Amino acid sequence: MVILRGLIAHTPKNPFHEAEALQAFSDGGLAFQEGRILALGSFAEVRARFPDASVQDCREGVLLPGLVDTHVHYPQTRVIGAMGYTLLDWLQKRTLPLEARLSDNKLARELAREFVQLLLRNGTTTALVFGSHFQGATANLFGAAEDVGLRIIAGQVCSDRLLLPALHTTPERSYTEQKMLIQRFHRRGKLRYAVTPRFSLSASEGLLEVCQTLLQEHPDLHFTTHLNENLEEIRTVAELFPWSEHYLQTYDRFGLVGERSVFAHNVHPTEAELLRLAEARAAVAHCPSSNAFIGSGLFPMRQHLSHGVRFALGSDVGGGTGFSLIKEGLMAYLTQRHAPDGVRLTPTHLLYLATLAGAEALGLEGEIGSLAPGKAADVIWVRPEPGSTLEVHFRHLDSAEDLLGSLFTLHGEARVQKVWLDGQEAALS
Ligand code: GUN
Ligand code: ZN
């Protein structure tokens with residue numbers, strides 16, 4: 001049994017709905033055994049309950065729940081930083097040519113190892129991942145995550161029209177290839193499978209029907225895709241599906257909008273779409289740095305809140321600006337300050353959006369997202385770089401919420417020192 005000692009902060013409640021959602025212990029103790037959290041409280045209390053446990057001193061910096069990324073693309077690590085594009089030309093010119101190279105299994109394996117390491121180094125312990133268009137490369141992703149003990153939900157991405165023909169499949173082929181991946185990886189340890197059409201712009205009705213069939217045959221699968229990211233994309237989707245009243249309906253017609261569905265972006269929703277998302281209890285991945293970087297627009301957070309649509313943070317690497325969900329928290333804050341009807345977010349909201357909200361979006365709130373006893377011991381220790389502004393703040397601020405405010409704001413000076421996955425310390429390379 002292990003006790004981690006230090007400043008511990010987490011959000012066991014939703015701060016958008018409840019007061020005092022932040023729980024923090026300035027000299028806290030977190031005990032875990034066999035991968036599960038046993039106790040959380042003041043160090044003195046936890047120590048008294050478990051006098052034989054070994055203690056790890058993490059008193060510099062802060063202990064947090066592992067972060068949850070609800071939208072990230074495995075093949076796109078090396079696309080980060082491609083400036084000056086909007087969505088469709090960014091895909092065409094920079095992103096999809098690189099994704100086509102994942103037909104090479106050797107490259108795919110290298111990218112998969114790199115990808116899972118980068119998630120861990122940034123404190124992400126659970127992620128909903130867009131896989132590759134290729135079956136082999138997607139298998140490599142699952143393998144790499146399993147090797148390091150990372151919890152991922154992922155799937156083989158499918159497209160069968162427009163964009164880049166080298167990435168096209170057929171409905172029949174996609175069904176067969178996905179079926180094999182589902183049988184091999186879904187529910188193997190911490191791995192889960194998500195049916196993942198890239199977006200309805202690049203998916204025929206036949207391909208969306210295959211997605212529906214897979215979900216009917218395996219009702220516990222997840223579903224993820226893109227929605228309402230960019231105005232030109234939305235116009236094209238409306239032309240491709242002349243019967244649709246709105247973008248969401250192109251998925252809804254095929255039974256793809258439900259409690260296990262996560263839609264990335266939703267920057268430009270209509271009222272009808274927000275109502276339907278809320279009714280279906282579907283979730284949205286909010287990717288603030290990507291929305292700014294690709295110039296997609298400002299996320300209408302207030303409308304999501306007022307309609308009761310659930311949302312959590314996603315890094316959207318490589319449209320986003322990196323793997324750090326702490327940075328995404330700051331970006332959410334900054335972009336909401338900038339939005340005409342923006343929400344005034346607090347550090348507690350940001351922590352919730354990077355942890356428990358993600359767990360809820362993925363239906364994993366019983367397992368991860370906070371440090372409540374009984375949950376998996378997915379924990380990160382974040383420390384300020386020596387000599388940094390953040391270190392000065394950690395020395396001189398005393399409220400946990402102020403410290404979190406500094407951490408999000410000065411995220412570039414924070415280092416993820418250690419990561420525990422199911423109570424096991426992960427090797428960070
Ligand atoms: N829409 C379709 N594909 C993509 C992608 O790779 N990234 C983003 N941000 N949007 C998309
Ligand atoms: Zn994306």
Side-chain angles (χ1 to χ4, degrees), residues 69-102 111 115 119 127-134 137-138 141 153-164 166-169 194-203 207-208 211 222-237 240 247-248 250-251 261-268 283-297 299 311-323 325 328 331 358 361:
D69 191 341
T70 63
H71 186 67
V72 57
H73 293 255
Y74 138 59
Q76 294 182 14
T77 303
R78 301 180 190 184
V79 182
I80 297 169
M83 293 185 174
Y85 298 89
T86 49
L87 178 64
L88 298 180
D89 65 334
W90 175 82
L91 283 170
Q92 199 78 36
K93 296 199 180 92
R94 301 298 297 264
T95 307
L96 300 182
L98 184 65
E99 295 210 15
R101 292 182 51 205
L102 273 79
L111 289 176
F115 177 76
L119 288 172
L128 175 58
V129 184
F130 254 67
S132 163
H133 284 271
F134 301 102
T138 306
L141 168 67
I153 304 173
Q156 181 180 0
V157 181
C158 55
S159 288
D160 66 346
R161 66 174 171 196
L162 301 177
L163 304 175
L164 193 63
L167 295 177
H168 290 175
T169 184
V195 174
T196 313
R198 188 159 203 121
F199 53 168
S200 50
L201 186 148
S202 68
L207 192 59
L208 294 170
C211 295
H222 295 256
F223 175 81
T224 192
T225 190
H226 295 95
L227 176 70
N228 286 324
E229 179 175 4
N230 163 285
L231 295 174
E232 192 186 345
E233 167 211 12
I234 295 168
R235 273 195 298 274
T236 310
V237 167
L240 289 167
Y247 196 156
L248 186 65
T250 65
Y251 301 121
S261 307
V262 176
F263 295 93
H265 301 286
N266 206 30
V267 175
H268 308 283
V284 167
H286 172 34
C287 308
S289 83
S290 168
N291 293 342
F293 194 87
I294 320 187
S296 302
F299 180 65
F311 59 92
L313 290 176
S315 66
D316 195 28
V317 160
T321 61
F323 284 88
L325 287 175
E328 290 304 327
M331 287 302 297

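Throughout, numbering of the chain's residues begins at 1 and tracks the sequence. In each ligand, atom 1 is the first atom listed, and ligand 1 is the first ligand listed. Not measured: the values here are computed from a predicted model.
Between the NE2 atom of H71 and the NE2 atom of H73, the angle taken at the Zn ion (ligand 2) works out to 100° after rounding to 10°.
The residue L201 has no part lying near ligand 1, judged by heavy-atom distances below 4.0 Å. Proximity of E233 to ligand 1, defined as any heavy-atom pair under 4.0 Å, is not found for any part of the residue. Contact annotation for F293 and ligand 1: no heavy atom of the residue comes within less than 4.0 Å of the ligand.
In this structure, the side chain of Y74 does not engage the main chain of L111 through any donor-acceptor pair within 3.5 Å. Although no hydrogens or angles enter the test, the distance criterion places a donor-acceptor pair under 3.5 Å between the side chain of T138 and the main chain of S132. Not one N or O on the side chain of S202 forms a donor-acceptor pair closer than 3.5 Å with the backbone of R161. Using modelled atom types, no side-chain atom of H286 and backbone atom of N266 make a donor-acceptor pair closer than 3.5 Å.
With contacts defined as side-chain heavy-atom distances shorter than 4.5 Å, the pair H222/T196 does not qualify. The shortest distance between side-chain heavy atoms of V72 and F115 falls below 4.5 Å.
In summary, the aromatic rings of H268 and Y247 are positioned with their centroids too far apart to meet the 6.0 Å limit.
Using bins of under 30°, 30° to 60° and over 60° for the plane-to-plane angle, the ring pair H265/H226 lands in the parallel bin.
In terms of N/O distances under 3.5 Å, ligand 1 is not approached by E99. For D316, a nitrogen or oxygen atom sits less than 3.5 Å from a nitrogen or oxygen atom of ligand 1, counting backbone and side chain alike.
Here the protein heavy atom with the shortest distance to atom 7 (N) of ligand 1 is W90 CZ3, 3.4 Å. The shortest contact between atom 6 (O) of ligand 1 and any protein heavy atom is with R198 NH2, 2.6 Å. The protein heavy-atom contact nearest to atom 10 (N) of ligand 1 is E229 OE1, 2.6 Å. The protein non-hydrogen atom at the shortest distance from atom 4 (C) of ligand 1 is H226 CE1, 3.3 Å.
Minimum-distance N/O/S atom of D316 relative to the Zn ion (ligand 2): OD1.
Taking backbone and side chain together, H265 holds no N, O or S atom under 2.8 Å from the Zn ion (ligand 2).
Listed by number with element, the atoms of ligand 1 under 4.0 angstrom from any heavy atom of L87 are 8 (C), 10 (N), 11 (C). Every atom of ligand 1 is numbered from 1 in the order shown, and the set under 4.0 Å from a heavy atom of H265 is 9 (N). Close contacts between ligand 1 and L91 involve ligand atoms 2 (C), 3 (N), 4 (C), 5 (C), 6 (O) [criterion: under 4.0 Å to a heavy atom]. Listed by number with element, the atoms of ligand 1 under 4.0 Å from a non-hydrogen atom of F199 are 1 (N), 2 (C).
Using a 3.5 Å distance cut-off with no hydrogens or angles, the side chains of E328 and S315 do not pair a donor with an acceptor.
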What's the verdict on side-chain contact (heavy atoms from CB on, under 4.5 Å) for F263 and N228, showing C-alpha distance, side-chain angles and the deciding distance? CA-CA 9 Å; F263 295 93; N228 286 324; over 6 Å; no
